[in-house]
Amino acid sequence: MSMLKPFSKLPGLNTANILLVESEEQFQQSLADALVEETAVTVNVRLAKSLPLPMENEESRPRIDLVVFIINLTSELSFQSAEDSLKYLDPGYFLGKVCFMVTNARNASVPPERLDAIRKLAASLHCPMLFAEDQTPDGVISATERLLTILKVAAGLVPMATALYLSNLTRCTVPPDIDQPSFD
Amino acid sequence: MDECTKRLLQRLIRRIPTQMLRTTLEKWGRLTAAQQRSVDFTQPKLMLTEKLLTMCAESGWTVKHITELEMIYVIDNPNLGMWYALQLMDPEEDAQAVELTQFKEQFKSHLGELVRHVSVKIKKHTDDAVWIRIAWGDSFSRPNHLKPTYVVHHLQTPYVFVTSLTSKQKPLLSQAMVLSTRHQAIKNANLSGRKLTAIRNLLMKQYQQVFPTNYSSPLAEKNQTVSNLHIEREQAESAAHRLQMACEAFGGGKLPQLQSAVYKLETKFRDHTNKTMTEQEEPFRCVVKFASTNLLESLRHCASSGIASTPVTPLLSSIPLKGRNYFVITDNSPGPSQTRQPQK
């Protein structure tokens, strides 16, 4: 079983590597195009549909600083695929190097149980959960900015801040009344 | 000019959209230059209809002329109404030698023998398609030009496409078709769709076929699908493999636009969690219908994005392979089986 390990390779100089995992392979493309525009840091983006990653790329793959799971709330398959991919990550990643990004949260046809399930998953793994809007260029830009903030810390490029410290501040929490029926 | 002609012309002008009216009338060529100039196509349809009716009375156009106009319009816009495909079986020795004049004579005479009053018009289109317009009557009444059947056949191919054919008229048409094309039988090809061009291209495989190959892209380094050197796709190989399998099953490039596929299931119910249903002896009858604006495109995308597993199941790949979109699935065979003749 090929697990992705966070510290088994050397980092690059002024470089940050991010892995975007998305079952539909749509949003990750526009996010990637926006992420590489960053000038202060060299950002390398790796795109995948799910984990595990193929063994052939093991040699050429750089050290991944941040793994982002993009989940489309309107698709159960998307959630399942992300959940199944989690087991191929070394536990070391869950100390601030994993993030969940959720799209289509405003869609009326989304069952509320799915969002609650993702929230509980993110909270149990101590990871941040971000909401993103993938249809407009503005939405893509703001999602990119938020990811870059976390990525720079996770890659060790921000002095006096580590990924673990940041994740303590940004991690997803579950409201105590999450299992109560909501009044929409 | 009698009531019948008038009504026919009225109906026809109402049917043709104003943008196409000018070109269709020009192609028809029965308006004199003066008449053509006098028609103002910016007027509302009602006034145009009045104008053309008066012209009809002046020039003495008959039903024959109006049906010509209708045929020109339908040939240029074949993608209206539901088309059904039929297939001719068991050709005789001289089936390949049937040519147009012989076919025309034979068809008209055979159909005339079967139906007392029938009006048949046959026209050959530039792309080798033979278009037949049939207005059906019976022993007591004149042909009804308001509900004609259109038939399209490419000579030397076994395919016949029909629209607006009732079940009473079908055996008559089949008989005439079989005799005039020198075959022994005709059967339902189980393919239907709104676009004639699409079902024709599907049956005659006139779209890009993709063949299995070991070396799909000879110059791999030139096929950079990502825009940037900093972006890398981890699973590009498996994505390319899925795309190749999807294209092998459905074809490459633009695909013929089918609107639906229907599977009639007559298989036994199988679900371990539901004992009562599984224990039933009779098959569980159920109909599954897939519908889309471009069904083959959707199915190909399902396969290439991983939603449908690859290699593509024969249930789906039979649609382009066998050129049908109606299947009856029974328990005996692993894939779609031969069907009984469904009512259309």
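Protein chains get the first letters and strands the later ones, always in sequence-line order, with residue 1 at the start of each.
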Measuring only between side-chain heavy atoms, which start at C-beta, is Gln235(B) closer than 4.5 Å to Pro54(A)?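 Gln235(B) vs Pro54(A): side chains touch.
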Out of Asp33(A), Val43(A), Leu31(A), Leu35(A), which residue meets the side-chain contact (heavy atoms from CB on, under 4.5 Å) rule with Ile231(B)?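 That would be Asp33(A).
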Quick check: are there more than 12 heavy atoms from other residues, nucleotides or ligands sitting under 6.0 Å from NZ of Lys254(B)?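 Count not over threshold, so no.
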Is it the case that over 12 heavy atoms from other parts of the model lie below 6.0 angstrom from the CD atom of Glu237(B)?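 Not buried by this count: 12 neighbours or fewer within 6.0 Å.
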Give, as side chain, backbone, both or neither, the part of Pro52(A) having an atom under 4.5 angstrom from any heavy atom of chain B.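 Interface part for Pro52(A): backbone (N, CA, C, O).
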Determine which pairs satisfy side chain to side chain donor-acceptor pair (under 3.5 Å) with at least one residue from residues 39-49 of chain A, sequence neighbours left out, and list them in order.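 Pairs touching residues 39-49 of chain A that pass the test: Asn17(A)-Asn44(A), Asn44(A)-His230(B), Arg46(A)-Glu234(B).
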Determine which pairs satisfy side chain to side chain donor-acceptor pair (under 3.5 Å) with at least one residue from residues 162-176 of chain A, sequence neighbours left out, and list them in order.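 Counting only pairs at least two positions apart or across chains, the side chain to side chain donor-acceptor pair (under 3.5 Å) contacts touching residues 162-176 of chain A are His126(A)-Arg171(A).
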